2 protein chains.
Amino acid sequence: MQRLTTTSYVILGLLALRRWSTYELAQQMRRTIPYYWPRAESHIYEEPRKLVDHGLATAKREFVGRRPRTVYAITDKGRRALKRWLGKPGRGPLVEFEGLVKVLFAEQGTKEQLLTTLRSIGAEAERTRQHHAALAAELAGTGGPFPERLHVNALVFKFMWEQAEMLARWTAWAEQEVARWPKDVSKPREPKVVTVLREAATFAS
Amino acid sequence: MQRLTTTSYVILGLLALRRWSTYELAQQMRRTIPYYWPRAESHIYEEPRKLVDHGLATAKREFVGRRPRTVYAITDKGRRALKRWLGKPGRGPLVEFEGLVKVLFAEQGTKEQLLTTLRSIGAEAERTRQHHAALAAELAGTGGPFPERLHVNALVFKFMWEQAEMLARWTAWAEQEVARWPKDVSKPREPKVVTVLREAATFAS
DNA sequence: ATATAACACTCCCATCGGGAGTATTATTCA
DNA sequence: TGAATAATACTCCCGATGGGAGTGTTATAT
């Protein structure tokens with residue numbers, strides 16, 4: 001029997017709200033959760049089965065015409081397991097950022113390449129902000145599918161929003177700084193950018 | 001022959017700076033890079049071999065007493081490959097944040113559990129800030145192992161710093177908001193927290 | 001009437017996280 | 001000086017994951 005992962009508990013948490021078919025769960029996982037718990041859709045289908053194996057959920061086979069689907073529901077044991085899990089501290093954010101790796105080695109390329117990298121990150125940040133703003137508009141307007149959960153959603157949303165804002169600010173700042181650098185980005189003299197290190201260093205204990 | 005991943009290019013980028021033994025590469029990958037490109041140490045040993053297979057690096061077997069070690073160096077083909085890679089846009093940040101999942105389902109648990117979750121995230125954010133501040137002090141003081149790369153390092157550092165600051169701010173804010181909620185966190189009436197949604201919604205196009 | 005999108009999955013391979021294990025050399029501290 | 005411990009230098013392996021391809025059915029758009 002496979003062990004339960006954070007993804008299992010995400011599914012269990014969703015099942016605590018209502019019953020879902022696996023397809024609906026996969027849909028829901030695509031809406032907002034990928035911004036802090038991204039998982040491949042193909043594997044979402046495995047998770048509820050694990051929950052059933054552990055007695056945390058039940059599966060019911062239903063039909064839409066001749067097409068079958070499986071609808072899952074949480075059990076009492078499932079609710080208890082979820083509550084226990086909520087009591088254990090969760091891991092802090094883990095960031096994976098390929099664009100930043102390209103910035104790190106930027107002096108091996110051209111100034112144009114670096115600016116292109118920064119602009120593409122900036123464009124993505126802008127798209128994310130738009131996405132989040134639209135989501136906020138929907139939640140603030142209709143209350144979303146679970147209006148009684150608006151307060152916890154707002155906590156989570158705030159993180160997503162601040163993350164997107166931070167990225168946009170950082171990109172704009174970096175573009176501006178790099179614009180000041182000479183054409184050969186491997187040899188800037190006295191770059192102003194280094195002041196960020198001195199500022200951060202003052203916080204060292 | 002295995003295909004090159006972002007991790008391969010991280011190693012290639014490090015090799016562009018100087019020759020390293022695999023152990024040194026693994027060490028270096030632990031210093032700052034895990035904050036934006038975390039990879040398991042055990043796999044770092046495989047990457048340089050891939051680079052050699054592709055002709056982007058050469059391996060040299062050396063000895064420290066009777067203990068052998070492999071030292072890798074970049075080739076001209078490797079430098080060209082790195083430059084080409086720098087020209088292609090990199091993926092934006094991907095965030096994985098288990099703690100936030102616990103916040104999302106917090107109304108299934110107790111107020112105490114939620115506050116504990118937030119406090120543990122806050123504590124981790126503080127540790128990260130301390131780590132970054134110490135790193136900044138070192139870089140600003142000695143210039144670090146590659147003083148000629150201080151300017152690109154500063155760009156990357158700024159992102160790490162802002163990320164840590166943002167997390168600390170978010171946690172402090174969330175703790176304060178939750179403190180205002182009633183004991184039964186599933187039923188706060190008119191939570192002030194929802195204003196963040198209204199504010200963000202004004203940015204929707 | 002037909003094409004396309006949404007629904008409802010399954011299968012599979014390469015990648016990755018992470019722990020355990022092996023052996024040698026350097027450092028610390030009693 | 002000797003023993004313990006840390007650092008160096010890896011290898012092996014299992015289970016979790018990303019992500020693409022594939023199969024068939026039902027609803028919607030044109």
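Keep in mind that what you see is a predicted model, and the values were worked out from it rather than measured. Proteins come first, then strands; the chains are lettered A, B, ... in the order of their sequence lines, and each starts at number 1.
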Do the rings of A:W161 and B:F203 sit parallel, tilted or perpendicular, given the 30° and 60° boundaries?
-> tilted

Look at all strands and tell whether A:R49 reaches a base, only sugar-phosphate, or nothing, counting heavy atoms closer than 4.0 Å.
-> sugar-phosphate

Who are the side chain to side chain contact (heavy atoms under 4.5 Å, CB included) partners of A:K60, not counting sequence neighbours?
-> A:R19, A:E62

Does OP1 or OP2 of D:dG19 have a side-chain N or O of A:S42 closer than 4.0 Å?
-> no

When all nucleic acid strands are considered with a 4.0 Å heavy-atom cut-off, which category describes A:Q2: base, sugar-phosphate, or nothing?
-> sugar-phosphate

Under 4.0 Å from any heavy atom of chain A: name the first and the last nucleotide of DNA chain C that qualifies, 5' to 3'.
-> C:dA6 to C:dC11

Taking only side-chain nitrogens and oxygens of A:R39, does any of them come within less than 4.0 Å of OP1 or OP2 of D:dG18?
-> yes

Is B:E24 touching bases, backbone alone, or none of the nucleic acid, heavy atoms closer than 4.0 Å?
-> nothing

Which residue lies toward the 5' end of DNA chain C, A:H43 or A:T70, if each is placed at its nearest nucleotide?
-> A:T70

D:dT25 base to A:R66 side chain: any donor-acceptor pair below 3.5 Å?
-> no

Walking DNA chain D from its 5' end, the first of B:E96 and B:E41 to be reached, judged by nearest nucleotide, is B:E41

Tell me: OH of B:Y23 to C1' of D:dT11, nearest whole Å?
-> 15 Å

Below 4.0 angstrom from OP1 or OP2 of D:dT8, is there any side-chain N or O of B:Q27?
-> yes

Take atom CD1 of A:I33 and atom P of D:dG18, then tell me their distance rounded to the nearest Å.
-> 14 Å

